[in-house]
Amino acid sequence: MSYLPSKKLNDIDGPREDDFMRLALLAAAFCALAVPALAQTSRPEPGPLTIAKQGSFFIGGREVKSDTLSTLPNFDAAGTITVDQMYVRYQAPAGQTGVPITLIHGCCLTGKTWETTPDGRMGWDEYFLRQGHPVYVIDQVWRGRSATDPSTINAVRTGKKPVDQLPTVFSAGHEGAWAIFRFGHQYPQVLPGMRFPLAAQAEFWKQMVADSAANLPTPNPTVPALSELAQKIGGTVLMSHSQSGIYPFQTAALSTQGVAGIISIEPAACPDPTADLGPYKAVPILVLFGDYVDEFPRWAPRLKSCRAFAAAVSAAGGKAEVLALPEIGIKGNSHMLMQDDNSLYIADILLRWIGKNVTATR
């Protein structure tokens, strides 16, 4: 049984009468399945994994010459560094493979988002690999293993630039992130039925890093790097999350070459439905949201705008869908649904959508 409706459920005016009938049937089907809808039970041990190839590389980058690379006496202040490169780690399974999937993390996080969950369960990068898909995991430019540019910081520190030119760097505190990730309305309250493994939250907080994205131009240099990566791979689904949710769309606007599909998970923004929709008509698109969205002023307008965008693309002849999980009977998912306790069932939904809508190359 497919976890997805065979027909789009969302348009700019909301569900129609026949949509409600399909939703009722889907809800009944999920109740019958029970385990996928309500909890993720332990699965059989998957056994050994045969990997045909794995490795890492960088995409993009530019050289910067500066006389403020260091304020330490044992390191030269003047020299040349490379910045704006995007780190990529890849693995490919043995045998015949499906369309490659590129995983793009969100704000204040790194590629760790997609790896082992905070409570030790299999992450999506391994799961997609086991399901026959080559997987590429990136660290956004200026994040994780993608280098930052310290020259302006040191220029301010040494008085060569004024303090108001100090780059903006921020970290999301546990308390503020609590509501952003929809664990609860405010720290430490918990939403009823929320699926994130809060017993392991200490491990989750360790994933969070300082974010320098505010210092980067628009589009973020990660975007042209993703375009170069997609073309290098020869066709990939760009799967983004939160802050990076808009990046696959910006990538497609640069070039649809190599962009086999877009899955945007709870994006901070979707494209303006009145913008040029040409690039999006050529790429199958799925936008996915979890639960409790309408209860949060940060998230409700984003879901609404993504519905309007998807409706506009569909009306223009493209294939764009918005799926809010409660509409098919799956409730309790947080903003970090790739780490929630039913994460592999959500992954199955995405894999079925890919199998139905995405061809291996473009």
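The residues of the chain are indexed from 1 along the displayed sequence. Everything numeric here is computed off the predicted structure, so don't read it as measured data.
- Side chain of T116 to main chain of M122: no donor-acceptor pair is present (N/O by atom type, distance under 3.5 Å, no hydrogens or angles).
- For the pair L351/H133, a side-chain contact is recorded, criterion being any heavy-atom separation below 4.5 Å from C-beta on.
- Under a hydrophobic-cluster definition in which Ile, Leu, Val, Met, Phe, Trp and Tyr are linked whenever side-chain heavy atoms come within less than 4.5 Å, directly or via other members, L103 and L49 are assigned to the same cluster.
- No side-chain donor-acceptor contact under 3.5 Å links E327 to the backbone of L325.
- Electrostatic pairing of E45 and R130 does not count as a salt bridge here, judged by no charged N lying under 4.0 Å from a carboxylate O.
- A heavy-atom distance below 4.5 Å is found between the side chains of V313 and F309.
- Put simply, the side chain of T117 does not reach to within 4.5 Å of the side chain of F204, judged on heavy atoms.
- T102 has its side chain out of reach of M239: every pair of non-hydrogen atoms, C-beta onward, lies at least 4.5 Å apart.
- Between I101 and Y136, every side-chain heavy-atom pair lies at or beyond the 4.5 Å cut-off.
- Between L216 and V141 the shortest heavy-atom distance is CD1-O, 3.9 Å.
- M208 and F196 fall within a single hydrophobic cluster, where Ile, Leu, Val, Met, Phe, Trp and Tyr are joined by side-chain heavy atoms under 4.5 Å apart, directly or via other members.
- Heavy-atom minimum distance, V259 versus T251: CG2-CG2, 4.1 Å.
- Annotation: the span from I265 atom CD1 to N333 atom CG amounts to 10.5 Å, rounded to 0.5 Å.
- Atom-to-atom distance recorded for T97:OG1 and Q131:CD is 13.5 Å, nearest 0.5 angstrom.
- Q339 and D119 share no donor-acceptor pair across their side chains, judged by distance under 3.5 Å alone.
- Taking each heavy atom of T236 and P100 in turn, the nearest pair found is OG1-O, 3.1 Å.
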From CA spacing to verdict: side chain to side chain contact (heavy atoms under 4.5 Å, CB included), I346, M338: CA-CA 7 Å; I346 307 305; M338 72 291 295; over 6 Å; no
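- The hydrophobic clustering, which links ILVMFWY residues whose side-chain heavy atoms are closer than 4.5 Å, places V99 and I51 together.
- Side-chain atoms of Q140 come within 3.5 Å of backbone atoms of H105 as a donor-acceptor pair (strictly under, hydrogens ignored).
- No side-chain N or O of D294 forms a donor-acceptor pair with one of W299 less than 3.5 Å apart.
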Side chain to side chain contact (heavy atoms under 4.5 Å, CB included) between V283 and F249, worked out: CA-CA 10 Å; V283 178; F249 299 106; over 6 Å; no
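- Pairing each heavy atom of F170 with each of C108, the nearest pair is CE1-SG, 3.6 Å.
- Using a 4.5 Å cut-off on side-chain heavy atoms (C-beta onward), L337 and L288 make contact.
- Note that CD1 of I81 is 7.0 Å distant from OG of S66, once rounded to the nearest 0.5 Å.
- Tracing side-chain contacts under 4.5 Å through hydrophobic residues (I, L, V, M, F, W, Y), one never reaches W142 starting from V156; they form parts of separate clusters.
- A continuous path of ILVMFWY side-chain contacts below 4.5 Å connects L229 to L254, so both sit in one hydrophobic cluster.
- With hydrogens and angles ignored, the 3.5 Å screen pairs no side-chain donor or acceptor of N357 with any backbone N or O of I354.
- The backbone N or O of G245 lies less than 3.5 Å from a partner atom in the side chain of S240, making a donor-acceptor pair.
- Checking side-chain atoms of D76 against main-chain N and O of A78 turns up no donor-acceptor pair under 3.5 Å.
- Sequence neighbours left out, not one pair with a member in residues 140-237 passes disulfide bond (SG atoms under 2.5 Å apart).
- Remark: side-chain polar atoms of S70 are paired, donor with acceptor, to backbone N or O of L72 under 3.5 angstrom.
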Worked check of side chain to side chain contact (heavy atoms under 4.5 Å, CB included) between Q201 and W178: CA-CA 10 Å; Q201 64 178 285; W178 194 268; 3.5 Å; yes
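- Using a 4.0 Å cut-off between a side-chain N of Lys or Arg and a carboxylate O of Asp or Glu, E126 and R121 do not qualify as a salt bridge.
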Derivation and outcome, side chain to side chain donor-acceptor pair (under 3.5 Å), residues N220 and Q250: CA-CA 9 Å; N220 186 301; Q250 293 174 335; over 6 Å; no
Please report, to 0.1 Å, the donor-acceptor pairs under 3.5 Å made by any side chain of residues 179-188, with sequence neighbours excluded.
from	atom 1	to	atom 2	distance (Å)
R182	NE	D291	O	2.8
R182	NH1	E266	OE1	2.7
R182	NH2	E266	OE1	3.2
R182	NH2	E266	OE2	2.5
R182	NH2	D291	O	3.1
H185	NE2	E295	OE1	2.9

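- At least one donor-acceptor pair under 3.5 Å links the side chain of D139 to the backbone N or O of R145.
- For R302 (side chain) and A268 (main-chain N/O), a donor-acceptor pair under 3.5 Å exists by modelled atom type.
- No side-chain heavy atom of L109 sits under 4.5 Å from any side-chain heavy atom of V209.
- Under the 4.5 Å side-chain criterion, counting only non-hydrogen atoms from C-beta, P134 is not in contact with Y90.
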Side chain to side chain contact (heavy atoms under 4.5 Å, CB included) between L323 and F289, worked out: CA-CA 6 Å; L323 176 63; F289 278 87; over 6 Å; no
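- A donor-acceptor contact closer than 3.5 angstrom is absent between the side chains of H241 and T113.
- Figure legend: cation-pi geometry between K331 and Y292 absent, as NZ or CZ is not positioned both under 6.0 Å from the six-membered ring centre and within 45° of its axis.
- By the 6.0 Å contact criterion, CD on E63 is open, its count of non-hydrogen atoms from other residues, nucleotides or ligands being 12 or less.
- Among all heavy-atom pairs drawn from P248 and L238, the shortest one is CB-CB, 3.8 Å.
- Taking every heavy atom of both residues into account, G106 and R143 meet most closely at O-NH1, 3.1 Å.
- S146 contributes a side-chain N or O that, together with a main-chain N or O of Y87, makes up a donor-acceptor pair within less than 3.5 Å.
- The CD1 atom of I104 lies 5.5 Å from the CD1 atom of I138; values are rounded to the nearest 0.5 Å.
- Using a cutoff of 4.0 Å between basic side-chain nitrogens and carboxylate oxygens, K319 and E321 are scored as salt-bridged.
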